[in-house]
Amino acid sequence: ATSDRARLYEDMVSHSQRVEGQRRSLEIEIADYLQQISLYSHLVNSANDAILIADTQGHVLNANRALAQRFGIQTDTVLGVDVGTLLAMPQGAPHDWESVAARAREGGWHGEVVLYHQEGGAIPADCSISAVHNAEQALLAYSVILRDIRERKALEAQTQRQAAELERAYGQLRELDRAKSNFLSMVSHELRTPISSILAYSELLNTEGMVEPAEEADFLRVIQKEAEQLSEMVNKVLAISKMESGQMLFNFAEADLEQPVRLVAGMLRSRAEAKQVALEVSVPKPLRPVVFDEQNLREALTQLLDNAIKY
């Protein structure tokens, strides 16, 4: 009997030691789990993206601090709220939570959404939704990760505006290039006429017996007229070239605007009369002095009036 009690005591001591060992192992394991939970909680709360946990019905159970920091939405205002009412899905995506949840269970859902702010604002966000399972693959919850993409959207909009502006600028450059090509073609054609006249009359003058002495003065006047026309064309081309290269020089001064206007009109009056075009100058009185570059103004007026007389 004594030996039986001794064995029973030994069994009790051994069992007690095993239980104590198991308790200590469980305490260590629980402490490890708690540490891991603490680390995971820290990771979730320190994340830059907003993270929401929803139950199997899609109601928000919890959210990290980034929801308030990034989106200005306090966690207590979304607890129990249906994720489907919190987010607006993009066109082409499922618009109900059941369809989104089904895709999340199949491997996850990702896309751009609009997060409705409690104060009535709408914030674009990059959204990832996935299902959370336990070791037996039973559905526990859904995780919803939201990234604020307002800056990206603003940059995209700015890029689109700049692209549109560049396209318009490119179209204007092409139009200017066509105008330049047309201008050069016109100038080339216009240059041929005075050059041909000068060559023809010069050749006649240089050929003995081809021109009567009484006609030489007329031929020289024609050559001079064509040379002046040629010089005017060259000056126009040079002026345009200076403007394109940014080398156009201006000499601004305060003066009376009537004098250069009447001077240009007087120079072109005979040409206008030859074309049977009336050219009159009407200047309002009194005319206050203005600041302008007289030389460039005269050139501009000459070209404008000359084109008006011609066409």
Side-chain angles (χ1 to χ4, degrees), residues 29-168:
E29 188 173 352
I30 290 172
D32 289 340
Y33 283 137
L34 290 175
Q35 186 178 12
Q36 291 181 16
I37 291 173
S38 177
L39 290 174
Y40 291 146
S41 177
H42 175 74
L43 288 173
V44 170
N45 278 318
S46 62
N48 288 325
D49 296 334
I51 301 175
L52 288 72
I53 299 297
D55 62 18
T56 56
Q57 302 303 313
H59 301 114
V60 178
L61 297 174
N62 206 344
N64 67 345
R65 289 194 293 262
L67 184 64
Q69 295 171 347
R70 301 298 179 186
F71 296 94
I73 301 176
Q74 301 301 322
T75 300
D76 56 358
T77 63
V78 297
L79 296 180
V81 176
D82 187 349
V83 176
T85 63
L86 187 63
L87 306 178
M89 302 298 174
Q91 293 185 353
H95 292 272
D96 59 287
W97 170 251
E98 289 75 14
S99 300
V100 173
R103 292 194 180 185
R105 291 192 298 271
E106 292 172 358
W109 181 89
H110 177 265
E112 290 186 6
V113 300
V114 174
L115 181 65
Y116 289 112
H117 195 280
Q118 58 189 4
E119 297 179 355
I123 302 174
D126 188 79
C127 179
S128 295
I129 302 176
S130 58
V132 181
H133 300 89
N134 61 12
E136 287 74 29
Q137 295 302 309
L139 180 64
L140 297 178
Y142 294 96
S143 69
V144 181
I145 302 176
L146 299 167
R147 174 169 295 177
D148 187 354
I149 57 174
R150 281 176 289 187
E151 290 186 2
R152 192 185 81 188
K153 286 294 184 181
L155 288 174
E156 289 177 355
Q158 182 181 0
T159 301
Q160 290 176 354
R161 289 193 300 271
Q162 291 175 343
E165 291 174 1
L166 287 174
E167 183 64 26
R168 286 194 295 271

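What you see below is based on every heavy atom in this structure, not just the backbone, and it leaves out hydrogens, waters and symmetry mates. What you see is a predicted model; the values in this text were computed from it and never measured.
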Within a strict 4.5 Å, meaning less than it, do heavy atoms of the [X] and [Y] side chains meet?
X: Asp126; Y: His110; result: yes
X: Leu146; Y: Ile123; result: no
X: Lys153; Y: Arg150; result: no
X: Leu115; Y: Ile73; result: yes
X: Ser143; Y: Ile53; result: yes

Got a second to check how far [X]'s [atom1] is from [Y]'s [atom2], nearest 0.5 Å?
X: Leu67; Y: Asp148; atom1: CG; atom2: CG; answer: 11.0 Å
X: Asn62; Y: Leu79; atom1: CG; atom2: CG; answer: 6.5 Å
X: Arg152; Y: Glu112; atom1: CZ; atom2: CD; answer: 4.5 Å
X: Asp49; Y: Ile145; atom1: CG; atom2: CD1; answer: 7.0 Å
X: Arg105; Y: Ile129; atom1: CZ; atom2: CD1; answer: 11.5 Å
X: His59; Y: Asp82; atom1: NE2; atom2: CG; answer: 5.0 Å

How close do [X] and [Y] get, counting heavy atoms only, and between which atoms?
X: Asn48; Y: Ala66; value: O-CB, 3.7 Å
X: Leu52; Y: Ala63; value: CG-CB, 4.0 Å
X: Ala141; Y: Ala54; value: CB-O, 3.1 Å
X: Val60; Y: Val78; value: CB-O, 3.2 Å
X: Arg103; Y: Trp109; value: CD-CD1, 3.6 Å
X: Cys127; Y: Val144; value: SG-CG1, 4.0 Å

Sidechain-backbone polar pair: Asn64 side chain, Ile51 backbone, donor-acceptor under 3.5 Å: yes
Note: Glu165-Arg161 ion pair, threshold 4.0 Å (strictly below):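 Arg161 and Glu165: not salt-bridged.
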Glu151 atom CD, over 12 foreign heavy atoms within 6.0 Å: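 No - once you tally the heavy atoms of other residues, nucleotides and ligands closer than 6.0 Å, there are 12 at most.
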